[in-house]
**Q** 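Below are the structure tokens for one structure; questions will follow.
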Amino acid sequence: MNALNVAPEPENIGELIADCAHIPAALQAENLPLPREAAPPWTVDDACHAQVAELDAYV
């Protein structure tokens, strides 16, 4: 079995803030390098469209 340190879901905003305070500095966004260039724009191809073509039949 994999030993993970898993905290229960916070039940209120105070618990959420306390949980976030324990995030290591190395994982916080301001310490991550920014991408050198923007990602290409997302486009819909035939395969993507086929996945949702009949979505209305299931909704």
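These numbers come from the heavy atoms of this one structure, side chains and all, not from hydrogens, waters or symmetry mates. In this text the structure is predicted, and so the values were computed from the model without any measurement.
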**Q** Please report the closest heavy-atom contact between Pro10 and Leu16, naming both atoms and the distance.
**A**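 The pair with the smallest heavy-atom distance is CB-N, 3.6 Å.
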**Q** Donor-acceptor pairs under 3.5 Å, side chain of residues 37-47 to any protein atom, not counting sequence neighbours: which ones?
**A**
from	atom 1	to	atom 2	distance (Å)
Asp45	OD1	Ala47	N	3.4
Asp45	OD1	Cys48	N	2.8

**Q** Ignoring hydrogens, what is the shortest heavy-atom contact between Glu15 and Glu9? Give both atom names and the distance.
**A**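 Of all heavy-atom pairs spanning Glu15 and Glu9, the closest is OE1-O, 4.2 Å.
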**Q** Only counting residues at least two apart or in another chain, list the ones meeting side-chain contact (heavy atoms from CB on, under 4.5 Å) with Ile17.
**A**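 Result, side-chain contact (heavy atoms from CB on, under 4.5 Å) vs Ile17: Ile13.
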